[in-house]
Protein chains: 2
Amino acid sequence: MTDQRGSLSLSDIAREAGVSLTTASRALNNSYGVSAATRDKVLATARRLDYVVSPDAVRLASGSRTQRVALVVPHVERWFFGEMVNGIETVLAAANVDLLLYQVGGPEDRQDFFSRLPARRKVDAVVVVAFPVDRVEQERLELMGVGIVAAGGQSAAYPYVCIDDYQAGRMAVDHLVELGHRRIAMIAAHDPDQPGWPMRSGRSEGYVDALAAAGVAVDNSLIRDVDWGGLNAAAAMDDIFDAAQGDPPTAVFAHSDELALGAMRTLRRRGMRFPEDISIVGIDDHPVAALTDLTTVRQSVREQGEIAARLILDVLNPVADEGAPRAVTAPITLTVRASTGPVPNRTRPPAQATRDH
Amino acid sequence: MTDQRGSLSLSDIAREAGVSLTTASRALNNSYGVSAATRDKVLATARRLDYVVSPDAVRLASGSRTQRVALVVPHVERWFFGEMVNGIETVLAAANVDLLLYQVGGPEDRQDFFSRLPARRKVDAVVVVAFPVDRVEQERLELMGVGIVAAGGQSAAYPYVCIDDYQAGRMAVDHLVELGHRRIAMIAAHDPDQPGWPMRSGRSEGYVDALAAAGVAVDNSLIRDVDWGGLNAAAAMDDIFDAAQGDPPTAVFAHSDELALGAMRTLRRRGMRFPEDISIVGIDDHPVAALTDLTTVRQSVREQGEIAARLILDVLNPVADEGAPRAVTAPITLTVRASTGPVPNRTRPPAQATRDH
DNA sequence: CTGAAAGCGCTTACAG
DNA sequence: CTGAAAGCGCTTACAG
């Protein structure tokens with residue numbers, strides 16, 4: 001008897017092979033207690049008829065795990081999230097676990113996801129990619145009664161993988177300081193749709209400390225905190241220059257390469273060249289960094305995704321010795337390119353007017 | 001009785017509410033034939049106990065659709081695919097259908113996907129994002145016995161949505177021609193892991209025809225076809241200039257913005273400025289285009305994803321009148337920015353040596 | 001080694 | 001309006 005989908009069912013195979021349902025099941029599952037001959041016969045007819053079991057029925061009958069995990073992510077189309085998903089999918093697919101994708105970019109999506117919990121009773125685990133989960137969301141998540149892991153962000157409550165933001169900021173700004181820079185602007189960004197990250201990111205703290213270590217006082221007129229996106233960074237950069245007429249920055253630290261790219265547009269339009277007139281450094285090593293000769297603090301988001309997937313696998317099949325890591329910090333490395341260099345000597349002001357594009 | 005997950009089952013609700021399983025089911029499903037009082041009682045206890053049905057059990061019992069679709073995509077982390085997935089997920093989520101994500105970037109992944117067909121018996125439809133499916137892969141896909149749609153690429157066999165590549169190429173090159181350019185280089189790209197696209201892309205044909213319309217003969221020394229990626233485009237650009245010493249191009253048409261960005265790196269490193277020394281145009285309107293002042297032929301991949309999702313919904317719930325479109329061509333628009341301009345007058349050669357970065 | 005039977009969590013004719 | 005029963009496609013004790 002075929003099912004609604006038109007697929008064959010186990011009973012079709014059993015009948016065709018001339019054995020009982022029980023035996024057919026055991027043969028397909030390679031259980032013990034089936035003669036080689038019988039098994040082969042069943043396997044052969046299954047193959048011939050191109051039979052595959054119904055995973056849903058198996059789940060129901062055996063009470064086994066769903067072999068599915070929910071991946072909840074703000075925006076798949078952004079590089080960071082895409083890389084993360086890529087890494088996660090790669091190792092999960094190899095382990096034969098399926099990925100259910102849920103986007104919670106906007107506030108409504110998010111509200112909807114946590115209130116409806118569409119993944120409920122569908123998955124064995126959920127991985128929350130790079131966004132902070134507040135108390136009530138956390139409670140909703142617990143309601144699902146499955147394992148949870150956080151990828152790309154620190155989490156007090158769940159196993160997680162992420163980079164050390166403080167070190168990243170420190171590394172970027174130390175680099176500028178070593179080149180002699182003292183007037184260093186900073187462009188930070190928050191995703192307006194993802195409230196809840198700590199007000200002051202570790203990256204900003206790295207900036208402050210790097211300056212302090214060089215004996216430089218923080219100048220708030222050189223700092224802007226914008227909504228996510230290169231265009232906003234471009235505006236912020238203009239803003240900083242307009243505000244700091246007399247004593248403009250000689251370098252800028254952007255919290256991400258995408259922000260850096262936006263800032264670079266402004267600087268380029270103002271006729272500045274890198275690194276002759278100004279230096280700039282980002283974080284990520286986004287593919288565009290190499291193409292724009294941007295110095296950056298590299299992180300491998302894909303690898304973080306792979307690690308997150310292993311964390312998930314641990315959650316799905318807890319090992320006896322409980323040796324699974326609960327928190328892993330991914331490595332970062334300073335990648336110097338042509339966008340950073342020594343402090344320009346400011347005998348002549350940069351060509352402010354000669355828009356050379 | 002709670003299930004393996006620890007979730008409550010319908011019988012728990014029925015018992016608690018003091019009704020039969022049948023009635024409980026009908027109340028929850030809002031079927032007719034349940035008194036308002038009974039329904040309310042059941043609904044109340046379900047809410048109180050925070051009960052949700054097991055989708056898998058429902059499916060099995062009712063023979064209904066899985067409400068799941070498989071999304072098979074080469075690389076989620078690339079902008080184009082990410083946007084597509086975003087668009088698809090958005091409308092599918094609103095329709096309460098879940099997305100199972102499968103990546104088939106490398107040849108092995110791909111081979112594995114089509115031979116194992118991991119999504120088999122798990123979904124009602126599969127959407128293949130932007131990669132050509134060959135004959136045998138197509139046969140494997142049919143085996144799943146579900147609807148299929150192609151997003152981001154033309155398909156003879158399935159409903160699809162994509163842009164008109166010929167028009168895109170034509171639009172880009174016509175723009176350059178109108179600016180007076182005659183020596184126009186072209187950088188095309190193929191994904192080495194995705195064989196099967198037509199040898200000569202529609203974009204290339206648009207280029208050829210645009211030149212022909214201007215009475216310009218194609219010069220193959222100005223054309224390169226590289227593997228996907230900005231870095232390869234950068235190398236190709238170098239190559240073109242090295243080869244065309246005497247008579248270098250005054251403009252370049254890149255098949256995508258990412259390729260354009262790579263080419264721009266080469267040009268910038270060679271001391272050229274846009275558009276004073278050379279013009280360049282891409283396709284996509286990738287976010288970096290705005291940030292690098294790149295002229296491009298814009299397409300909204302996200303909208304194509306949304307359209308693809310509607311195509312899927314049509315496949316899932318075929319409407320009687322069969323009025324569902326089988327093929328839709330998404331609009332494109334030329335977006336002029338500062339990277340294109342009139343032909344430079346070549347009285348003095350471009351500053352080949354003065355690497356101004 | 002093999003099979004009849006019960007059960008997984010639900011739905012849906014079929015009777016009342 | 002309500003419920004007992006059969007059934008969806010499988011697995012798994014329990015007997016033989």
Side-chain angles (χ1 to χ4, degrees), chain A residues 1-43 45-46 49-67 120-124 145, chain B residues 1-43 45-46 49-67 120-124 145:
Chain A
M1 188 175 309
T2 62
D3 76 3
Q4 316 72 35
R5 304 256 77 70
S7 312
L8 295 171
S9 77
L10 220 210
S11 51
D12 294 306
I13 306 304
R15 185 172 0 86
E16 194 73 19
V19 298
S20 73
L21 243 188
T22 312
T23 299
S25 171
R26 280 201 276 249
L28 260 349
N29 291 307
N30 233 308
S31 306
Y32 61 98
V34 191
S35 74
T38 309
R39 183 197 330 280
D40 290 350
K41 186 171 50 178
V42 174
L43 258 30
T45 88
L49 269 33
D50 222 328
Y51 168 79
V52 282
V53 296
S54 160
D56 289 347
V58 171
R59 228 114 53 192
L60 197 54
S62 70
S64 59
R65 309 199 144 278
T66 64
Q67 295 294 59
R120 212 177 160 195
R121 262 181 145 205
K122 292 178 185 169
V123 300
D124 297 323
Chain B
M1 187 177 309
T2 63
D3 75 3
Q4 317 72 37
R5 305 254 76 72
S7 313
L8 295 171
S9 77
L10 221 210
S11 50
D12 294 305
I13 305 305
R15 185 172 0 84
E16 194 71 20
V19 299
S20 72
L21 243 188
T22 312
T23 299
S25 171
R26 280 199 277 247
L28 261 348
N29 292 306
N30 233 307
S31 306
Y32 61 97
V34 191
S35 74
T38 309
R39 182 196 331 279
D40 291 349
K41 186 171 49 177
V42 173
L43 258 29
T45 88
L49 271 33
D50 222 331
Y51 168 79
V52 282
V53 296
S54 160
D56 289 348
V58 170
R59 229 114 52 192
L60 198 54
S62 70
S64 59
R65 308 198 145 280
T66 63
Q67 294 294 60
R120 212 177 158 193
R121 263 183 142 201
K122 292 178 185 168
V123 300
D124 297 323

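All values below come from the heavy atoms of this structure, side chains included, with hydrogens, waters and symmetry mates left out. Source: prediction; values computed, not measured. In the text below, chain A, chain B and the rest are named by the order of the sequence lines, each starting its count at 1.
- C:dG16 and C:dT12 are spaced 16 Å apart, taking the C1' atom of each and rounding to whole Å.
- Across the protein-nucleic acid pair, A:Leu49 atom CG and D:dG9 atom P stand 15 Å apart, rounded to whole Å.
- A donor N or O paired with an acceptor N or O is not found under 3.5 Å between the base of D:dG9 and the side-chain atoms of A:Arg59.
- You'll find that the side chain of B:Val53 is closest to C:dC10, out of C:dG9, C:dC10, D:dG3.
- One atom, CZ of A:Arg39, and another, P of C:dG3, lie 14 Å apart when rounded to the nearest Å.
- For C:dG3, one of the phosphate oxygens OP1 or OP2 lies less than 4.0 angstrom from a side-chain nitrogen or oxygen of A:Ser20.
- In terms of modelled atom types and a separation under 3.5 Å, the side chain of A:Ser62 and the main chain of A:Val58 share a donor-acceptor contact.
- For the pair B:Arg59 and B:Asp124, the salt-bridge criterion is not met [side-chain N within less than 4.0 Å of a carboxylate O].
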Practice item. Let me see the working for A:Asp56 and B:Leu60 under side chain to side chain contact (heavy atoms under 4.5 Å, CB included), right down to the final yes or no. Key: CA-CA 7 Å; A:Asp56 289 347; B:Leu60 198 54; 5.6 Å; no
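- Residue B:Leu21 contributes atom CG, which lies 14 Å from atom P of C:dG7 at whole-angstrom precision.
- In this structure, the OH atom of B:Tyr32 is 14 Å from the P atom of D:dT2, given to the nearest Å.
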Revision key, fill the gap. Taking Watson-Crick and G-U wobble contacts under 3.5 angstrom, with | marking pairs to another strand and [ ] crossing pairs, the secondary structure of DNA chain C is written |||.||||||||.|||
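- Considering only side-chain atoms of B:Val58, the nucleotide from C:dA4, D:dC8, C:dC10 that sits closest is C:dC10.
- Here the P atom of nucleotide C:dT2 and the CZ atom of A:Arg15 are 19 Å apart, to the nearest Å.
- Rounded to a whole Å, the CG atom of A:Asn29 is 11 Å from the C1' atom of D:dT12.
- The side chain of B:Ala61 has D:dG7 as its nearest neighbour among C:dG7, D:dG7, C:dT12.
- The side chain of A:Thr23 places an N or O atom within less than 4.0 Å of a non-bridging phosphate oxygen (OP1 or OP2) of C:dG3.
- C:dC10 and C:dC14: their P atoms are spaced 24 Å apart (whole Å).
- Side-chain contact of A:Thr23 with A:Ser20: a donor-acceptor pair under 3.5 Å is present, judged by distance alone.
- Within the 4.0 angstrom heavy-atom criterion, no nucleotide atom of any strand lies near A:Asp56.
- Two residues, B:Thr22 and B:Ala57, neighbour DNA chain D, and the one matched to the more 5' nucleotide by heavy-atom proximity is B:Thr22.
- Rounding to whole angstrom units, CD1 of residue B:Ile13 and P of C:dG9 are separated by 13 Å.
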Exercise for review: Could you go through the side chain to side chain contact (heavy atoms under 4.5 Å, CB included) check for B:Arg39 and B:Asn30 one step at a time?
Suggested key: CA-CA 8 Å; B:Arg39 182 196 331 279; B:Asn30 233 307; 3.6 Å; yes
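- At least one side-chain nitrogen or oxygen of B:Thr38 sits closer than 4.0 Å to the OP1 or OP2 atom of D:dT2.
- Regarding A:Leu60, its CG atom lies at a distance of 14 Å from the P atom of D:dC8, rounded to whole Å.
- Between A:Leu28 and A:Leu10 there is a side-chain heavy-atom pair separated by less than 4.5 Å.
- Proximity of A:Ser62 to the phosphate of D:dC10: no side-chain N or O atom is located under 4.0 Å from OP1 or OP2.
- At distances below 3.5 Å, at least one donor-acceptor pair connects side-chain atoms of B:Arg121 with backbone N or O atoms of A:Val52.
- The side chain of A:Val34 lies closest to C:dT2, out of C:dG9, C:dT2, D:dT11.
- A:Thr38 and A:Ser35 are linked by a side-chain donor-acceptor pair at a separation below 3.5 angstrom, with hydrogens and angles left out of the test.
- For D:dT12, the OP1/OP2 oxygens have no side-chain nitrogen or oxygen of A:Ser25 closer than 4.0 Å.
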**Study point:** Check against salt bridge (charged side-chain N to carboxylate O under 4.0 Å, His left out), A:Arg120 and B:Asp50
**Key:** CA-CA 11 Å; A:Arg120 212 177 160 195; B:Asp50 222 331; 3.3 Å; yes
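- Between B:Arg121 and D:dC10 there is a side-chain polar atom (N or O) within less than 4.0 angstrom of OP1 or OP2.
- In this structure, B:Ser31 does not reach the C:dT12 phosphate: none of its side-chain N or O atoms is under 4.0 Å from OP1 or OP2.
- Nearest-nucleotide mapping onto DNA chain C: of A:Ala36 and B:Val52, the residue sitting toward the 5' end is A:Ala36.
- Put simply, B:Tyr51 has a side-chain N or O that comes within less than 4.0 Å of OP1 or OP2 on C:dC10.
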